[in-house]
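What follows is a short report on a single structure.
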Amino acid sequence: MFASKSRANGVLLATISAGLLTALALTTQARGSGSDSSKPGVLSIGGSVTEIVYALGQGDRLVARDTTSTYPPEAEDLPDVGYMRALSPEGVLSVSPELILSEDGAGPPETMAVLTSSGVDIVTIPNVESGPGIAEKIKRVGDALGVSKEAEALAANVEAEIATAKARADRLAGDSPKRVLFVLSMQGGRVMASGTGTAASAIIELAGGVNAVTEFEGYKPMTDEAVSVAAPDVILMMDRGGDHAIANEVLFGMPAFQPTPAAETGAIVRMDGLYLLGFGPRTAKAVSDLSNHLYGG
């Protein structure tokens with residue numbers, strides 16, 4: 001029975017792929033008759049990748065973007081193919097991309113398999129959380145777009161800016177770096193926080209802070225006691241609006257936060273998520289802004 005089901009799924013995937021490939025061929029042919037084939041239309045998946053495309057002066061080549069690509073503001077005028085981890089082949093191929101630039105982690109795997117079989121050129125850009133890593137990220141995007149010289153210059157400038165911002169942040173921190181707890185969410189009153197090996201942990205360290213949680217990797221829920229023991233001096237969160245927002249007084253009134261130094265001083269920092277955690281061309285400024293929030297300046 002399982003073998004039969006597997007064959008059926010395979011036939012279904014093949015049928016979907018064939019139909020999508022036909023549609024892609026027709027739309028690409030129609031668009032290609034009036035476009036410069038030396039500069040293929042680009043779909044950018046991942047906020048930092050989209051920022052890099054614009055920073056390289058190649059924004060006019062974008063035909064669409066994903067939901068996480070919200071900067072620069074003009075990016076939001078592009079068609080949105082959906083969230084990068086929940087893409088559909090139909091949605092992606094409907095914009096007739098000739099090149100897909102994607103942050104690592106796009107999916108689901110079934111969609112990426114169909115896109116790969118479609119013949120569209122896909123370039124995956126690794127996620128990085130350091131100055132040299134961002135520089136390499138920029139170079140990879142530049143190579144894919146055929147603007148390697150411009151990418152080399154931008155990469156060198158961004159890497160130098162990050163090094164300068166980090167040095168300044170370390171001077172501000174001195175011998176008393178702040179313990180910072182990054183809170184990803186508060187679903188059901190449960191604290192989902194960052195441990196080590198995350199973009200949040202990396203940006204805290206670049207800004208002269210110390211991650212208050214080192215007992216686990218990634219983002220995990222924490223008990224009230226664990227939050228209290230972490231004793232953060234500052235709470236760091238993404239700036240959320242609407243139903244996802246939580247007022248400072250509500251947060252610090254929770255048993256998990258009440259005993260912390262952060263609650264005593266009311267120290268909480270909220271920053272735009274892509275700006276804070278994207279690790280792209282604006283990261284040096286994000287480092288400086290976060291260090292200013294932590295230490296003044």
Side-chain angles (χ1 to χ4, degrees), residues 45-48 66-71 82-87 103-109 126-130 177-280 283 286-287 289-291 293-294:
I45 299 173
S48 68
D66 78 309
T67 302
T68 70
S69 298
T70 58
Y71 187 89
Y83 179 56
M84 66 172 290
R85 301 189 195 282
L87 301 169
E103 283 185 8
D104 191 22
N127 292 317
V128 292
E129 295 157 358
S130 68
K178 297 288 182 67
R179 293 175 58 81
V180 183
L181 175 66
F182 177 80
V183 176
L184 180 65
S185 67
M186 291 290 301
Q187 291 183 348
R190 188 84 180 272
V191 179
M192 179 72 73
S194 168
T196 61
T198 67
S201 182
I203 199 72
I204 287 169
E205 292 173 9
L206 283 173
V210 174
N211 189 351
V213 180
T214 57
E215 290 75 21
F216 60 81
E217 293 185 3
Y219 298 97
K220 293 183 179 180
M222 295 181 67
T223 64
D224 290 356
E225 181 181 5
V227 172
S228 300
V229 169
D233 298 304
V234 180
I235 305 301
L236 176 61
M237 302 181 74
M238 290 187 288
D239 190 7
R240 300 175 184 269
D243 296 337
H244 297 288
I246 180 169
N248 292 2
E249 59 271 20
V250 174
L251 181 75
F252 288 131
M254 293 179 173
F257 296 99
Q258 283 179 353
T260 66
E264 293 178 11
T265 61
I268 184 168
V269 177
R270 302 174 191 265
M271 296 175 67
D272 176 78
L274 178 59
Y275 179 55
L276 179 68
L277 306 176
F279 283 86
T283 292
V287 168
D289 285 351
L290 179 55
S291 66
H293 284 301
L294 296 179

| field | Rounded distance (nearest 0.5 Å) linking atom OH of Y71 with atom OG of S48 | value | 14.0 Å
| task | Indicate yes or no: at least one non-hydrogen side-chain atom of T265 is less than 4.5 angstrom from one of V234. | result | no
| field | Residue pair M238, F182: steps toward the side chain to side chain contact (heavy atoms under 4.5 Å, CB included) verdict | value | CA-CA 9 Å; M238 290 187 288; F182 177 80; 4.0 Å; yes
| field | For M84 against G46, the heavy-atom pair lying closest together | value | SD-CA, 4.3 Å
| task | Determine yes or no for a side-chain-to-main-chain donor-acceptor pair under 3.5 angstrom, with T260 supplying the side chain and F257 the backbone. | result | yes
| If only atom types and distance count, is the side chain of N127 paired as donor or acceptor with the main-chain N or O of D104 below 3.5 Å? | yes
| task | Give the C-alpha distance, both sets of side-chain angles, the deciding distance and a yes or no for side chain to side chain contact (heavy atoms under 4.5 Å, CB included) between L184 and T198. | result | CA-CA 11 Å; L184 180 65; T198 67; over 6 Å; no
| field | Candidate pair M186 and V191, rule side chain to side chain contact (heavy atoms under 4.5 Å, CB included), full reasoning | value | CA-CA 5 Å; M186 291 290 301; V191 179; 3.6 Å; yes
| remark: P177 and G208 have their tightest heavy-atom pair at CB-O, 3.5 Å
Per-pair distances, 0.1 Å, donor-acceptor, side chain in residues 222-232, under 3.5 Å, sequence neighbours excluded:
residue : atom : partner : partner atom : Å
T223    : OG1  : A226    : N            : 3.0
S228    : OG   : D224    : O            : 3.1
S228    : OG   : A256    : O            : 3.2

| Sole candidate of V213, N211, L236 that passes side-chain contact (heavy atoms from CB on, under 4.5 Å) when paired with S194 | N211
| message | I'd like to know if the side chain of T196 and the backbone of T214 have a donor-acceptor N/O pair within less than 3.5 Å. | response | no
Which pairs would a plain distance check flag for residues 266-280, meaning a side-chain donor or acceptor within less than 3.5 Å of a matching protein atom at least two apart in sequence or in another chain?
residue : atom : partner : partner atom : Å
R270    : NE   : N248    : OD1          : 3.4
R270    : NH1  : I246    : O            : 3.4
R270    : NH2  : I246    : O            : 2.6
R270    : NH2  : N248    : OD1          : 2.6
D272    : OD2  : L274    : N            : 3.2
D272    : OD2  : Y275    : N            : 3.0
Y275    : OH   : K285    : O            : 3.2
Y275    : OH   : A286    : N            : 3.3
Y275    : OH   : D289    : OD2          : 2.5

| request: Please report the closest heavy-atom contact between K178 and L294, naming both atoms and the distance. | output: NZ-O, 2.8 Å
| Between CG of L87 and CD1 of I45, what distance do you get to the nearest 0.5 Å? | 5.0 Å
| note | With sequence neighbours left out, the residues meeting side chain to side chain contact (heavy atoms under 4.5 Å, CB included) with S69 are T50, R65, D66
